[in-house]
A.B. asks: 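Structure provided below as structure tokens; questions to follow.
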Amino acid sequence: MDQQTRDDLLKLFQGKLNEAMRFYLETCTRCGVCTEACHVHASMGQVKYIAAYRAEIVRRLYKKYFKGRGKVWPSVGEAKELSEMALDELYDAAYSCTGCRRCMVYCPFGIDTQMLMSIAKLLLVGAESEPEILTLLADTSIEKGKSIELFKENFMEGIKRLEAKVVSKWKMEAGETAIPMDVEGADLLYVALAGAHSIIPAAAIFNAAGENWTLSFFEAVNFGAFVGDPTKSKLILDRIVNEAIRLKVKEVCICECGTAFRVMKQLAGKQPFKVSSITEVHARYIREGRIKLDKNKMDGGVTYHDPCQIARNAGVMDEPRYILKHLTDDYRELTDDPRYNWCCGGGGGLVAMGEDTLDFRMKSSRVKVDQVNATGADILATACENCHAQLDNLNDHYKMGVEVKFLSSMIADALVQDAQP
Amino acid sequence: MSDDIKVDKVFDLKGLPCPMPVVKVSKGIKEVEIGQVIEALSTDPGALSDFPAWARTSGNEILKTEQEDDVIKFYIKRNV
Ligand code: SF4
Ligand code: SF4
């Protein structure tokens, strides 16, 4: 690595060194409490998958370049030169971590390994050594934001074709639009994903609740966050923020996508609208009596996987359980305290990297499989696209014999539309 | 298949979770030679804006898009 590249990377590193990050970098006592907290280590048992070990990869560079040239705490880990080899280690550490933050809730100091891995990811972006596909996906989202006028019409035509399916779940009055788009003054902007499964059930539920809503032109997911590029993250986020401001909505509702929700909730800053996850919105509809659900639609025991970015990292834990109470009498918990729920093993961009990470994702998530199997449930519900894809892969690979379902599609299928007034 | 376009490889991306359609089309296009054409089948309405944005980003070219019932067909020429 030449001097110029190293200097540029160190500048990126320095830009990340806020007070919290310095605390994380300077505090680990190697107590080992986090060792069994990481699903990767618990499933695969290698030292390199211990949370504190991953953090150490970043910390050694910090000691070398930002802390008295490695003279601080000589007994605790060695300072390390930023080199091609160090980049390989950063890659292994960052892209075997899903950013689930389970280690953080165990660590007595609350050290945030995901944040430390964001330094690793940023250095990889700076060195153009990040997973190419994640950058391509982020760039595609940004391009869509720039040229939306070119694609708008086609997209709206595609959406129109879904309307009959929405109506099959919830009948509408003549003249009503099943999937409203570009409605200025709507109360709620729904930000979905590309797939019809992310739009049809949600639309039926909004219509059932009598919501004044409109569908976003953009997809919710933020690949800039997956690849750890704050500039791209912000550009992707701004597309939605600007749309929400243009349409003067009061609420932005993020579909079943954990990263999208966490990024919008935590990074959008102060805005004239509130940010909700679709699970929060659905719980509200039930609480306010705006939708009614039929419990007889569910066959067999149901358990729920908490998406890390929605539950542990954004606090939405009671709402899915409240919804499930209205969907089934046979709900089975995976864990006594959802904050400690195991990660599915698909976060941090790993699912988006597709088959390249499949073997690792399967091996590193054995503890999740054991946890689900122990409930004996027939249906494994979740509220995140990424988790759903990973759980589907686990279900096939380990022959778990469950049906993996989105919470929103379970709600849409249980909607009661009374014939009588 | 579109009458006027010779397709060299077909990719069925129907019903895949996000972001697999774009991931698979990015990898798939490299399985044909520069100048050849792939046909990608999708059921995602979002693909109607995702694929053109991907093509602009990656330097490839969408020759034609057809919507039939639930299925959207993209004819994409590998340019790079
Ligand atoms: S954030 Fe999750 S995946 Fe990463 S080290 Fe901690 S427990 Fe493991
Ligand atoms: S639990 Fe916290 S302090 Fe203890 S080893 Fe892990 S990161 Fe370090």
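Chain letters run A, B, ... following the sequence lines, proteins first and then strands; every chain starts at 1. For clarity, every value in this text was computed on a predicted model and none was experimentally measured.
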A.B. asks: Can you confirm whether B:E31 is buried at CD, in the sense that more than 12 heavy atoms of other residues, nucleotides or ligands lie under 6.0 Å from that atom?
C.D. replies: yes
A.B. asks: Testing A:T140, A:D139, A:L136 one by one against B:S58 for a side-chain contact (heavy atoms from CB on, under 4.5 Å), which residue passes?
C.D. replies: A:L136
A.B. asks: Identify the heavy atoms of A:L150 and B:R56 that sit nearest to each other, and give their distance.
C.D. replies: CD1-NH1, 3.2 Å
A.B. asks: Is any NZ, NE, NH1 or NH2 atom of the basic residue among A:E355 and B:K24 found under 4.0 Å from an Asp or Glu carboxylate oxygen of the other?
C.D. replies: yes
A.B. asks: Can you name the closest pair of heavy atoms from A:A196 and B:T43 and give their distance?
C.D. replies: CB-O, 4.1 Å
A.B. asks: For A:I142, is it the side chain, the backbone, both, or neither that has a heavy atom closer than 4.5 Å to a heavy atom of chain B?
C.D. replies: neither
A.B. asks: Determine the option with the most heavy-atom pairs under 4.5 angstrom with chain B, choosing from A:M156, A:K144, A:K165.
C.D. replies: A:K144
A.B. asks: Does the distance from a Lys or Arg side-chain N to an Asp or Glu carboxylate O, for A:R161 and B:D70, drop under 4.0 Å?
C.D. replies: no
A.B. asks: Of all heavy-atom pairs between A:G195 and B:D44, which one has the smallest distance, and what is that distance?
C.D. replies: CA-OD1, 3.3 Å
A.B. asks: Under 3.5 Å, is there a donor-acceptor pair between the side chain of A:E385 and the main chain of B:C18?
C.D. replies: yes
A.B. asks: Roughly how far apart are A:E143 CD and B:D50 CG, rounded to 0.5 Å?
C.D. replies: 12.0 Å
A.B. asks: For A:K152, which atoms come within 4.5 Å of any heavy atom of chain B: side chain, backbone, both, or neither?
C.D. replies: neither
A.B. asks: Highest number of heavy-atom pairs under 4.5 Å with chain A: which of B:T65, B:I72, B:D69?
C.D. replies: B:D69
A.B. asks: Taking all non-hydrogen atoms of both residues into account, name the closest pair between B:S49 and A:F151 and its distance.
C.D. replies: CB-CB, 3.6 Å
A.B. asks: Would the number of heavy atoms belonging to other residues, nucleotides or ligands and lying under 6.0 Å from NZ of A:K405 be above 12?
C.D. replies: yes
A.B. asks: Could you pull out the closest heavy-atom pair between B:M20 and A:V351, with the gap in Å?
C.D. replies: CE-O, 3.0 Å
A.B. asks: Looking at A:F223 and B:P19, what are the two nearest heavy atoms and their distance?
C.D. replies: CZ-CB, 3.3 Å
A.B. asks: Carefully, step by step, assess A:D356 and B:K27 under the rule side chain to side chain contact (heavy atoms under 4.5 Å, CB included).
C.D. replies: CA-CA 11 Å; A:D356 293 354; B:K27 291 205 165 160; 3.1 Å; yes
